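Keep in mind that what you see is a predicted model, and the values were worked out from it rather than measured. Below, chain A is the first sequence line, B the second, and so on; all start at residue 1.
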Amino acid sequence: MRLSHFFFTTLRDDPADAEMPSHRLLVRAGYVRQLGSGIYSLLPLGYRVSRRVEQVIREEMDAIGCQEMEMPVVHPADLWKETGRWYSVGAEMARFKDRGGRDMVLAMTHEEVVASLLRDVVKSYRQLPMMIYHFQTKFRDEPRSRGGLIRVREFVMKDSYTCDADEAGLDASYDLHYAAYTRIFDRLGVPTIPVASDVGMMGGSQAHEFMFLNPAGEDVLVLCERCGFSANRQVARTRVSEPPAEEPLPLEEVETPGTATIADLAAFLGVGAERTAKALFVVTDDGRLVTAIVRGDMDVNETKLVNALRTTGLRPAHPDEIKAAGMVPGYASPVGASGAFVVVDELIARSANLVAGANREGYHLRNTNVGRDYTPDLVADLTSAREGDGCPECGAPVVLRNGIEVGNIFKLGTRYTQALGATYLGEDGLEHPIVMGSYGIGVGRAVACIVEAHHDEKGIVWPAEVAPYPAHIVSIGATKDPRVAEVADALHELAFSAGREVLYDDRDESPGVKLTDAELLGMPLIVTVSPRSLAAGGAEVTVRETGERSVRPLAEVEALLRG
RNA sequence: CGGGGCGUGGCGCAACGGUGGCGCACGUGCUUUGGGAGCACGAGGAUGUGGGUUCGAAUCCCACCGCCCCGACCA
């Protein structure tokens with residue numbers, strides 16, 4: 001491909017709105033262009049990388065017997081109404097009406113379509129297991145896109161779905177995907193850590209996310225460097241030292257003026273924050289006012305709270321709502337909290353003599369004890385893991401790191417197949433719902449992660465497996481010495497006829513521009529043809545990754561380009 | 001949705017109440033050709049949109065739209 005007519009342009013300056021290296025470099029080097037917030041065009045270079053990433057994924061999916069197909073982007077809303085997600089999913093699902101006034105949606109995922117297909121396709125246990133996948137555009141109207149390709153609204157995802165007769169079958173399909181994903185990210189050059197994760201809105205029994213460690217990551221991971229334990233903070237349960245065993249002391253109200261925060265309160269009373277209990281008020285999606293009680297030195301984990309309450313989501317309660325329930329914000333107490341559903345963290349339930357609000361402006365209670373002073377409606381693990389907490393496996397202090405989720409695998413179970421009546425006839429002659437799993441990899445996000453992991457101050461450094469072209473030929477001094485163009489043209493042709501298209505910078509630009517661009521674009525090999533190289537007996541080959549360069553005889557360069 | 005920031009040639013920026021400029025990129029010519037070349041000439045703008053204030057608005061005020069960052073949110 002000759003750069004003189006290639007659909008791209010490089011930028012000398014960093015785009016002002018790009019902060020992450022991957023965003024900056026992909027825009028500067030002419031791989032992608034932004035159309036709107038979270039909406040990007042892939043220019044030929046970007047599209048080519050994307051296809052190479054897809055090919056790696058395709059090969060590994062095919063290798064485990066997953067069958068490629070394609071499902072639509074536009075769905076009739078009826079399917080989504082049948083599974084209930086038309087109602088449960090919020091504004092992130094784009095909805096519209098067709099000309100006949102029928103509700104339609106833009107696909108944000110494809111469980112519904114798969115389940116409806118299974119209804120038609122699968123009749124007998126003899127057909128199971130089956131696995132399918134496709135690469136398809138998803139649209140999710142995220143409240144906030146960010147980081148270039150890291151979080152976008154429209155993107156291509158490889159999503160696969162496994163269909164099994166029972167849980168044991170699902171376990172096997174899940175394991176196949178786990179192994180395939182490990183190979184995929186290894187081949188793509190994206191180091192990932194599989195972490196146990198929340199099943200979220202997808203429902204289901206088990207899930208892992210494949211995380212790429214990056215400071216810009218939106219997830220917090222809890223990692224143990226000693227034993228390798230890893231989990232998303234949303235679900236991680238770490239060990240915290242047991243509260244001291246004490247005899248319950250008499251409840252005592254104390255005046256604590258101006259201590260609406262835990263830090264103020266602990267300082268005022270001269271006790272550690274871990275001897276206090278704090279109350280957080282939330283309202284669930286189904287309208288319940290809930291107060292969650294955790295220790296003063298810990299934070300409520302929203303995911304855990306949602307799961308404990310068996311709801312779909314929650315929001316902070318307004319002070320008015322708290323007052324309406326008869327409580328005093330800042331001094332609220334689980335003692336006598338009649339107007340709210342009281343959820344207490346397990347650690348609170350095991351602790352004696354904690355300081356808590358007195359439900360009276362400017363007052364707190366000393367020596368509150370669960371069971372004696374109040375009876376919670378629910379006791380559950382509610383807190384977020386903290387750096388230095390004990391690893392749940394080995395007890396060593398855990399560390400917290402940010403990560404970008406590039407892939408996820410879910411054991412869905414029968415939620416969708418039951419809702420849509422996708423059943424098979426078992427060996428026992430009875431109908432059973434098909435057991436599903438679903439598995440996703442964001443292609444564009446994977447591309448961005450590859451760049452995050454493979455770049456230097458000069459530009460992108462593509463791993464050979466995903467590079468848009470294996471090599472980048474640069475001609476220098478072609479107008480001075482006709483042999484330069486002859487040799488460079490011949491190398492370009494030769495690679496092409498060997499089935500390996502390479503980039504060929506035949507532009508009439510200065511050497512500096514061409515070499516700088518070559519490094520910015522990031523092909524694994526840069527082949528420089530110039531009067532100087534010809535005089536030295538061939539062409540200069542630069543390995544982009546190491547910067548190592550050497551003049552090689554043309555025959556050797558030809559062999560390199562042929563592959 | 002809350003907080004903050006920014007919208008001026010393709011890109012990066014200046015001008016902050018008085019006729020819109022600079023660098024890079026772009027076109028033409030000459031020179032140059034191994035690390036973002038030089039000289040000369042040139043083209044390219046309803047200053048995001050709509051109101052308002054003013055003799056006069058890119059500049060001040062209001063509203064809206066768009067984009068970025070932090071948070072909320074998020075398979």
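For A/Phe8, the ring pair (Phe, Tyr, Trp, His ring centres under 6.0 Å) partners two or more places apart in sequence, or in a different chain, are A/Phe6. For the ring pair (Phe, Tyr, Trp, His ring centres under 6.0 Å) test, residues two or more places apart in sequence or in another chain that qualify with A/Tyr174 are A/His208. The ring pair (Phe, Tyr, Trp, His ring centres under 6.0 Å) search around A/Tyr161 returns none, not counting sequence neighbours. Take A/Glu82 and apply the side chain to side chain donor-acceptor pair (under 3.5 Å) test, not counting sequence neighbours, and it matches no residue. For A/Ser197, the side chain to side chain contact (heavy atoms under 4.5 Å, CB included) partners at least two apart in sequence or on another chain are A/Ala207, A/Glu209, A/Asn232. A/Pro553 pairs by the side chain to side chain contact (heavy atoms under 4.5 Å, CB included) definition with A/Glu556, not counting sequence neighbours. Residues satisfying the ring pair (Phe, Tyr, Trp, His ring centres under 6.0 Å) test with A/His454, not counting sequence neighbours, are none.
A side-chain hydrogen bond (donor to acceptor under 3.5 Å, both in side chains) check over residues 515-525 of chain A, counting only residues at least two apart or in different chains, returns the pairs A/Thr10-A/Asp517, A/Arg507-A/Asp517. Among residue pairs with one or both ends in residues 531-547 of chain A, those qualifying as side-chain hydrogen bond (donor to acceptor under 3.5 Å, both in side chains) are A/Asp456-A/Arg544; sequence neighbours excluded.
Comparing B/G12 with B/C74, their C1' atoms sit 33 Å apart, to the nearest whole Å. Nucleotides B/C60 and B/U8, compared at atom P, are 15 Å apart to the nearest Å. Comparing B/C62 with B/U53, their P atoms are spaced 15 Å from each other, to the whole Å. Here the separation of B/U59 from B/A15, taken at their C1' atoms, is 9 Å to the nearest Å. One P atom belongs to B/C26, the other to B/C11, and the distance between them is 15 Å to the nearest Å. Taking atom C1' on both B/G38 and B/U33, the two are 12 Å apart, rounded to the nearest angstrom. Comparing the same atom, C1', in B/G20 and in B/A58 gives a spacing of 8 Å after rounding to whole Å. Taking atom C1' on both nucleotides, B/U28 is separated from B/G44 by 15 Å, rounded to a whole Å.
Atom CD of A/Glu68 sits about 11.0 Å away from atom CE of A/Met61, to the nearest 0.5 Å. One distance of note links NZ of A/Lys514 with CG of A/Leu3; it measures 8.5 Å at 0.5 Å rounding.
In this entry the base of B/A72 is anti relative to its sugar, with a glycosidic angle more than 90° from 0.
At a threshold of 4.0 angstrom between heavy atoms, the contacts of A/Thr479 include nucleobase atoms, whether or not backbone atoms are also involved. Nucleic acid contact class of A/Met20 (heavy atoms, under 4.0 Å, all strands): none. Within 4.0 Å of A/Gly477, counting heavy atoms only, lie sugar-phosphate atoms of the nucleic acid but no base atom. Residue A/Asp14 is classed as a sugar-phosphate contact, given heavy-atom separations below 4.0 Å to backbone atoms only.
Side-chain atoms of A/Glu519 come within donor-acceptor range of the base of B/G35, with a qualifying N/O pair under 3.5 Å. At a cut-off of 3.5 angstrom, counting only N and O atoms as typed in the model, there is no donor on one side facing an acceptor on the other between the side-chain of A/Arg507 and the base of B/G36. Between the side chain of A/Ser510 and the base of B/G36 there is no donor-acceptor pair of N/O atoms closer than 3.5 Å.
Between A/Arg24 atom CZ and B/G12 atom C1' there is a gap of 15 Å when expressed in whole angstrom units. Here the P atom of nucleotide B/G35 and the CD atom of A/Glu540 are 12 Å apart, to the nearest Å. What separates CG of A/Asp481 from P of B/U33 is a distance of 13 Å, to the nearest Å. Following rounding to the nearest Å, A/Ile476 (CD1) and B/G36 (P) show an atom-to-atom distance of 11 Å. Rounding to whole angstrom units, CZ of residue A/Arg315 and C1' of B/C74 are separated by 19 Å. Residue A/Glu92 contributes atom CD, which lies 13 Å from atom C1' of B/A72 at whole-angstrom precision. Between the CG atom of A/Leu521 and the C1' atom of B/G36 there is a distance of 14 Å, given to the nearest Å. Rounded to whole Å, the distance from CG on A/Asp508 to P on B/C30 is 13 Å.
Other residues, nucleotides and ligands contribute only 12 or fewer heavy atoms inside 6.0 Å of the CZ atom of A/Arg310. For CZ of A/Phe96, the number of neighbouring non-hydrogen atoms (other residues, nucleotides, ligands) closer than 6.0 Å is greater than 12.
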- Message: Using the rule given for side chain to side chain contact (heavy atoms under 4.5 Å, CB included), can you reason through A/Leu521 versus A/Ile460, listing the C-alpha separation, both sets of side-chain angles and the distance that settles it, and then say yes or no?
- Response: CA-CA 6 Å; A/Leu521 296 193; A/Ile460 303 172; over 6 Å; no
- Item | Summary of protein contacts for nucleotides 20-25 of chain B, nucleotide by nucleotide, where a base hit scores B, a sugar-phosphate-only hit scores S (4.0 Å, heavy atoms) | ---BSS
Under 3.5 Å, which N/O atoms of the protein pair with N/O atoms of nucleotides 68-70 of chain B?
unit_1 : atom_1 : unit_2   : atom_2 : d
B/C68  : OP1    : A/Gln34  : NE2    : 2.9
B/C68  : OP2    : A/Ser37  : OG     : 2.8
B/C69  : OP1    : A/Gly147 : N      : 3.3
B/C70  : OP2    : A/Arg144 : NH2    : 2.2

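Nearer the 5' end of RNA chain B, as judged by each residue's closest nucleotide, is the contact made by A/Arg33, out of A/Arg33 and A/Arg153. When each of A/Pro511 and A/Arg151 is assigned the nucleotide of RNA chain B with its nearest heavy atom, A/Pro511 is the one assigned upstream, toward the 5' end.
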- Message: As a check on the pairing definition, encode RNA chain B in dot-bracket form, counting Watson-Crick and G-U wobble pairs whose two distances are under 3.5 Å, and using | for partners outside this strand.
- Response: (((((((..((((....[..)))).((((((.....)))))).....(((((..]....))))))))))))....
